[in-house]
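Here the structure is a predicted model, which is why all the values come from computation and not from measurement.
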Amino acid sequence: MLMTRTSLTAALVLLLARVAGAQPAPAGQTQPAPAPAPTPEPEPAQPPADTTPPVDPTPEPSPLVEEPKPDDKPTVTAKYDGGLKFSTDDKAYEMKLSFRNQVRFQSDRSFEDGAEFANAIYIARSRFQAEGHLFGKDNRFKMELGLGDTGSFSFLKDMFVEKRLPDSPIYFRMGQWKRPFNRAEIVSDFASTFNERSIQNELAGGGRSLGVALHNDYEKSPEGLEWVFGMFNTFNGGSDRPTIPVACVTDPIDGDVTCVNGRPTTIPLDWGPTLNARVGYNSPKMKGYSESDLEGGPLRYAVGAAYKVDLANFAEAGEDSWADNMSHGLEVDALIKAMGYSAHAGVVMMKLKSANTQFGLFVQPGMMLVPKKMEVAARFALTTLTQAGAMGSVDRNQIEARAAFNYYWHGHTWKVASDIGFLKLTGDMPSEDKGDLQIRVMMQLQI
């Protein structure tokens, strides 16, 4: 009974406590405000949409190349190109060295009574050559040294420098070189079909001489027109071989004569100015100053004409007038090549002061039996000349007839060249001439 009363009392107390908590606050009392709800953080603003097309990322800058120092020199390379050629990377400097040689066997026999064969082996030509350009291709040079031509002492064959005129194909040259008169002379001794040039070339007065000239690179046979205009020391060339002056003194007491040789020189005692002009035309891909058709191919040709006049120091000398003291030379030539066949021909007229006019001609056909390897050729040449005799002057002709057989291992660079022929003066006056037989075999090597 007592336990039940206690349980009822506890339940009543709990009920009253619930009722008291649910009653409103008394008047005049402020009920505490509820805690504010947490404010949400604003979302980050989105950037506007990019409407530009995508761009590749900027490439990384390349590493800086160090500029060469002022004292750095360009690299020089060497290669073989018809000779040992040295050149710099910038092509501003180039020099080609070549060593050229001809060793010959020769046999001569006159058909005069009692004559015998005269045989010899000798070095026909041995040359050292340096050519190229410096400070750019507009500044060129060439030097050719004869080391021992036909047993002679060494002497300078060519030495010239030339400058290309600005914005033009024209070169100005000064020095010593082959005078540009007849094609047969301009053709190199190492680019000929026969061992030697014809007798027509001797009449034309070829050879080297000191002078100055303007030209359009005529020696390279430019396609189309070629030309050269120059002034030289002498009327005829060949003054590249030095002369040895001799001075003799006679003793007034005993009459003994003493002679002393001077130093060799190519400088004339007096300048005999000679004007020389040449003009020609070349078809495409024509090597106009190399005989024999080693290139092969369709028809190619080159034609030319030249004139020279000796101004005779502007004096009458022993002639009646200045005009009579002048000498003239006129020449025309042609070279044709096609399919291994070749033909070289020329005509020359020479008028030396008041002497009679002389003429010369030659024709020289050739044919490759084996393309670029084996060749046969022929030559006929004729020149007029006047000889003095007991009954006065006599006009005669000199005739040359030859045949050649050549074998080319590497073009004109490495070959064997042989020829056989006759030389004869026509007529029996003022002296009888029965002709001469000549046989030549030559090995040629250019390095």
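Remark: side-chain polar atoms of S354 are not paired, donor with acceptor, to backbone N or O of D324 under 3.5 angstrom. Within the 3.5 Å criterion, the main-chain N or O of E144 finds no donor-acceptor partner in the side chain of D158. Formation of a donor-acceptor pair under 3.5 Å by the N195 side chain with backbone atoms of A417 is found in this model. In this structure, H133 contributes its side chain and K91 its backbone to a donor-acceptor pair below 3.5 Å. Side chain of R125 to backbone of D149: no donor-acceptor contact under 3.5 angstrom is found. Checked by atom type and distance alone, the side chain of R109 pairs as donor or acceptor with a backbone atom of A115 at under 3.5 Å. At distances below 3.5 Å, at least one donor-acceptor pair connects side-chain atoms of R197 with backbone N or O atoms of A184. Using a distance-only test at 3.5 Å, with no hydrogens or angles considered, a donor-acceptor pair links the side chain of D433 to the main chain of L425.
Ion pairing of R179 with E185 is absent here, as no side-chain N (NZ or NE/NH1/NH2) approaches a carboxylate O to less than 4.0 Å. E162 has a carboxylate O that lies under 4.0 Å from a charged side-chain N of R140, or vice versa, which qualifies the two as a salt bridge. In summary, K142 and E131 do not engage in a salt bridge, as defined by a charged side-chain N under 4.0 Å from a carboxylate O.
Remark: R402 is not positioned above the aromatic ring of F194, lacking an NZ or CZ atom under 6.0 angstrom from the ring centre and at most 45 degrees off the axis.
Using modelled atom types and a 3.5 Å distance limit, the side chains of T386 and Q358 yield a donor-acceptor pair. Between the side chains of N201 and N182, at least one donor N or O sits under 3.5 Å from an acceptor N or O. Of the N and O atoms on the side chains of T413 and Q446, not one donor lies less than 3.5 Å from an acceptor on the other residue. A side-chain donor-acceptor contact under 3.5 Å links D108 and Q106. Under 3.5 Å, the side chains of K308 and N236 contain a donor-acceptor pair of N or O atoms. Between the side chains of E400 and S198, no donor N or O sits under 3.5 Å from an acceptor N or O. With 3.5 Å as the limit, one finds a donor-acceptor pair spanning the side chains of S292 and T193.
Atom NZ of K373 has more than 12 neighbouring heavy atoms from other residues, nucleotides or ligands inside a 6.0 Å radius. Atom CG of D254 has more than 12 heavy atoms from other residues, nucleotides or ligands within 6.0 Å.
Side-chain contact between L225 and V279: present, with at least one pair of heavy atoms (C-beta onward) separated by less than 4.5 Å. Side chains of M350 and F235 form a contact here, defined as non-hydrogen atoms less than 4.5 Å apart. The closest side-chain heavy-atom distance from S221 to Y289 is below 4.5 Å.
Closest non-hydrogen pair, L311 versus M326, comes out as CD2-CE, 4.3 Å.
The ring pair (Phe, Tyr, Trp, His ring centres under 6.0 Å) analysis of residues 201-227, with sequence neighbours excluded, yields the pairs Y171-H215, H215-Y218.
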